[in-house]
Protein chains: 2
Amino acid sequence: MQMNTDQLSMTFSALADPTRRGLLQTLASGQATVGELAHPYSMSMAAISKHLKVLENAKLISRTKEAQWRRCKFEGAPLKDASQWVQKYTKFWEGQLGMLDDYLIESEGMNND
Amino acid sequence: MQMNTDQLSMTFSALADPTRRGLLQTLASGQATVGELAHPYSMSMAAISKHLKVLENAKLISRTKEAQWRRCKFEGAPLKDASQWVQKYTKFWEGQLGMLDDYLIESEGMNND
DNA sequence: TAAGTTATTAACTAAATGGTTAAATGCAAA
DNA sequence: TTTGCATTTAACCATTTAGTTAATAACTTA
């Protein structure tokens with residue numbers, strides 16, 4: 001009903017698609033044009049263009065014009081918050097497991113920051 | 001058109017909603033029933049129940065029956081892969097920034113594992 | 001057994017998503 | 001200035017998502 005507009009939701013949402021993760025992987029090997037990015041996929045260029053727009057809205061890529069090409073570049077800044085969010089809970093989880101291993105009391109909880 | 005069924009997509013997709021992240025945060029302070037989880041939200045219990053089903057399908061929570069209550073528990077296992085994926089690219093990005101700071105050649109690329 | 005509590009499921013709705021093909025845009029080159 | 005290439009946008013479609021209310025299920029307790 002409503003689109004989630006907060007940055008963290010946008011980031012996770014952008015990452016929740018294998019095609020988009022693949023595009024980011026390609027871009028991690030260096031900048032590329034839309035055509036180059038589209039090449040490995042059996043999907044119209046228009047579809048890839050839309051995926052790139054999702055990534056751009058999430059600020060995970062930037063695009064610069066160069067004649068009739070758009071050169072895409074990976075932008076990792078939004079990953080920092082995502083990484084922190086996931087890591088906090090990953091560590092909490094691993095902590096829980098550790099507590100079980102050591103026969104300590106379960107579900108001590110986690111602070112709220 | 002098709003639902004993304006791979007685990008990583010399911011995980012990111014589940015995290016791409018502030019309500020669901022909030023539910024996980026609550027659960028990180030200890031197990032809770034659906035009613036307890038629903039309480040802070042101005043949303044029907046049915047809606048929360050659906051969010052919990054998304055989290056359950058993504059294996060981010062488990063539920064056990066206890067009389068007429070369902071006790072929910074945070075399950076962090078799927079976060080490991082998500083964490084690794086995000087961290088790999090976060091580190092790559094921070095590396096890129098570092099290279100710029102040090103006036104080294106830009107876009108050296110990133111290996112493919 | 002009847003009534004109340006907790007939660008899920010069903011049926012419905014509006015909007016978002018992910019794809020298509022076709023048209024439009026912007027630039028380069030003949 | 002026409003042609004061609006790279007890309008985006010428009011219009012469309014089917015599916016999914018996120019919510020609603022109402023009905024149902026499962027269990028407790030009076």
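To find a chain, count down the sequence lines: A is the first, B the second, and so on, and within it residues start at 1. Not measured: the values here are computed from a predicted model.
Residues Glu94(B) and Thr90(B) meet the side-chain proximity criterion, which asks for heavy atoms closer than 4.5 Å. The shortest distance between side-chain heavy atoms of Tyr41(A) and Ile48(A) falls below 4.5 Å. At a threshold of 4.5 Å between non-hydrogen side-chain atoms, the residues Leu55(A) and Leu24(A) count as touching. At least one side-chain heavy atom of Val34(B) sits less than 4.5 Å from a side-chain heavy atom of Leu52(B). Inter-residue side-chain proximity for Asp17(A) and His51(A) is flagged as met; some heavy-atom pair is nearer than 4.5 Å.
Using a cut-off of 4.0 Å between Lys/Arg side-chain N and Asp/Glu carboxylate O, Glu66(B) and Arg71(B) are scored as salt-bridged.
For dT8(C), the OP1/OP2 oxygens have a side-chain nitrogen or oxygen of Ser49(B) closer than 4.0 Å. In this structure, Lys50(B) does not reach the dA7(C) phosphate: none of its side-chain N or O atoms is under 4.0 Å from OP1 or OP2. Dashed line: the shortest gap from a side-chain N or O of His51(B) to OP1 or OP2 of dT17(D) is not under 4.0 Å.
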### Query
What does nucleotides 21-30 of chain C look like as a protein-contact string, B for base, S for sugar-phosphate only, - for none, at under 4.0 angstrom between heavy atoms?
B----BSS--
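When heavy atoms are screened at a 4.0 angstrom cut-off, Thr33(A) is found touching the sugar-phosphate backbone but no base atom. When heavy atoms are screened at a 4.0 angstrom cut-off, Arg63(B) is found touching the sugar-phosphate backbone but no base atom.
Applying a 4.0 Å cut-off to non-hydrogen atoms, none of the residues of residues 4-16 of chain A approaches DNA chain D.
Gln87(B) and Ser83(A) share no donor-acceptor pair across their side chains, judged by distance under 3.5 Å alone.
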#### Entry: Full working for side chain to side chain contact (heavy atoms under 4.5 Å, CB included) between Leu27(B) and Leu37(B)
CA-CA 8 Å; Leu27(B) 287 176; Leu37(B) 287 167; 3.8 Å; yes
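Between the CZ atom of Arg20(B) and the C1' atom of dT16(D) there is a distance of 12 Å, given to the nearest Å. Here the P atom of nucleotide dT8(D) and the CG atom of Leu52(A) are 7 Å apart, to the nearest Å. Atom OH in Tyr41(A) sits roughly 16 Å away from atom P in dT7(D) (whole-Å rounding). We find that CD of Glu66(B) is positioned 13 Å from C1' of dT6(C), with the value rounded to whole Å. Distance, His39(A) NE2 to dA6(D) P: 12 Å, rounded to whole Å. Atom CD1 in Ile48(B) sits about 12 Å away from atom P in dA7(C), given to the nearest Å. Here the C1' atom of nucleotide dT8(C) and the CE atom of Met43(B) are 17 Å apart, to the nearest Å. Distance CE (Met3(A)) to P (dG18(C)): 12 Å, rounded to an integer number of Å.
Ring planes of Phe12(A) and Phe12(B): parallel class, angle under 30° (limits at 30 and 60°).
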